[in-house]
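Encoded as structure tokens, the structure appears first; notes follow it.
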Number of protein chains: 2
Amino acid sequence: MSRTKARTALLQELEAAMRRSSAQGVLYGQTVANVAGIANSDLECMDILYLEGRVTAGRLAEVTGLTTGAITGVIDRLEKAGLVRRERDEKDRRKVFIAVVPEAAMKIGQFYVPMQQAMEKVFGAYSDEELRLLLRFANEGYKGVLAATEALKSLLDTPPEKRPDLKLKKLR
Amino acid sequence: MSRTKARTALLQELEAAMRRSSAQGVLYGQTVANVAGIANSDLECMDILYLEGRVTAGRLAEVTGLTTGAITGVIDRLEKAGLVRRERDEKDRRKVFIAVVPEAAMKIGQFYVPMQQAMEKVFGAYSDEELRLLLRFANEGYKGVLAATEALKSLLDTPPEKRPDLKLKKLR
DNA sequence: CTAAATCTCTTAGTGACTAAGATATATGTC
DNA sequence: GACATATATCTTAGTCACTAAGAGATTTAG
């Protein structure tokens, strides 16, 4: 029992630590947007473009959870700033692909240097094997959060009175 | 050289994986705010109140990076929703402490259940020792991100022409 | 060839945000 | 103790990104 108790405490501490660091990560992003002089959502879209490459406007709406109308605004601003280009799909002319302009986007990349340096320092203290564990966790964590997001969204479509009444383990 | 190369690749993969999962974490938060019917910043403040306990309005502004005026709005909305209470400090009557109303805040806590369940499942696959490694990393990562945020902010105060010209290791 | 579906953009209206300053209280100096 | 300065929150006016609804353009299905 003292075994499980220790683990419970550990899990709780872990949850708090992850929330703290993830909250700080959000703040870092806000600061980058601020320094770069672009809106938060604009930066988020740049991030998606970096991770996914050339994507359609609709895909951006899907991933960010914004309406297509809002995305039009995002792209307008990013295009005006010279950070991305609209490219009509020749196969299906309804679609608009968004592509980053590499040279301009590098200016934004600069603002991630402090973060990269900090992370390099942190990672430096870990062995290859430990890093592999962290990688495994990051990937599994991603899948978990993705699934949780879907579960929560489906809750949105369920009328409140017939929701499966989530049980709280404890006061969050 | 092949050793270092493997590590470089590992670090790169790790960075991408962490960005992905942290981006998805942001989306989870947005979805919670949506389902709960409150603004994003309002939820962020609830989170801070959970992590730090009873704090002043000014502290909320400091931590979120919002102006005090914006925080007034946040608190107004949260108070109207019955989620927090304003409590004037009797020692220093200029200050206003914000305290969560536990019963009402639990309704928000519900929306974190899918996330908790997902994380429980993920964590379940790790030994106590591995979890301790993750905890160590989360704590060090937090400190790193915090420091990086400060470094970036100080960059904001430096006029662009005399910035120490950050060198990019590679296109982000 | 027409109807329905899909993708992006447009428009009008809303709400959270900032900047600047007002208000209230506290602290330091003489 | 009175006055100036500092600190903490709130108010106001104006701005900007967002949503909802629907229009326009193109593709797909019958």
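In the text below, chain A, chain B and the rest are named by the order of the sequence lines, each starting its count at 1. All values below come from the heavy atoms of this structure, side chains included, with hydrogens, waters and symmetry mates left out.
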So, are [X] and [Y] salt-bridged, with charged N and O less than 4.0 Å apart?
X        : Y        : result
B/Arg86  : B/Asp76  : yes
B/Lys121 : A/Glu140 : no
B/Asp92  : B/Arg94  : yes

### Summary
Reading nucleotides 5-24 of chain D from 5' to 3' and marking B where a protein heavy atom lies under 4.0 Å of the base, S where only the sugar-phosphate is that close, and - otherwise, the string is -BBSBBB-----SSB-----
### Message
Suppose clustering is done on Ile, Leu, Val, Met, Phe, Trp and Tyr with side-chain heavy atoms closer than 4.5 Å. Which residues sit in the same group as A/Leu146?
### Response
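A/Tyr142, which link up through side-chain heavy atoms under 4.5 Å apart, make up the rest of the cluster.
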### Query
Looking only at heavy atoms, what is the nearest atom pair of B/Ala104 and B/Gly82, with distance?
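Taking every non-hydrogen atom into account, CB-O, 3.1 Å.
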### Query
Which pair of heavy atoms, one from A/Gln110 and one from A/Lys107, lies closest together, and at what distance?
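Smallest heavy-atom distance, with atoms named: CB-O, 3.4 Å.
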### Message
How many whole angstroms separate atom CG of B/Asp89 from atom C1' of C/dT25?
### Response
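Answer to the nearest Å: 11 Å.
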### Message
Can you measure A/Lys91 atom NZ to C/dC7 atom C1' for me and round it to whole angstrom units?
### Response
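Rounding to the nearest Å, NZ of A/Lys91 and C1' of C/dC7 are 18 Å apart.
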### Cation-aromatic face contact A/Arg19/B/Tyr112, 6.0 Å, 45 degrees
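Geometry flag: set, cation within 6.0 Å and 45°.
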### Query
For A/Tyr126, is the NZ or CZ atom of B/Arg136 found under 6.0 angstrom from the centre of its six-membered ring and inside 45 degrees of the ring axis?
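Because its charged atom sits under 6.0 Å from the ring centre and within 45° of the axis, B/Arg136 does stack over A/Tyr126.
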### Query
In degrees, rounded to 10°, what is the bend between the two ends of the helix from C/dC1-D/dG30 to C/dC30-D/dG1, using five pairs at each?
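Roughly 20°, once rounded to the nearest ten degrees.
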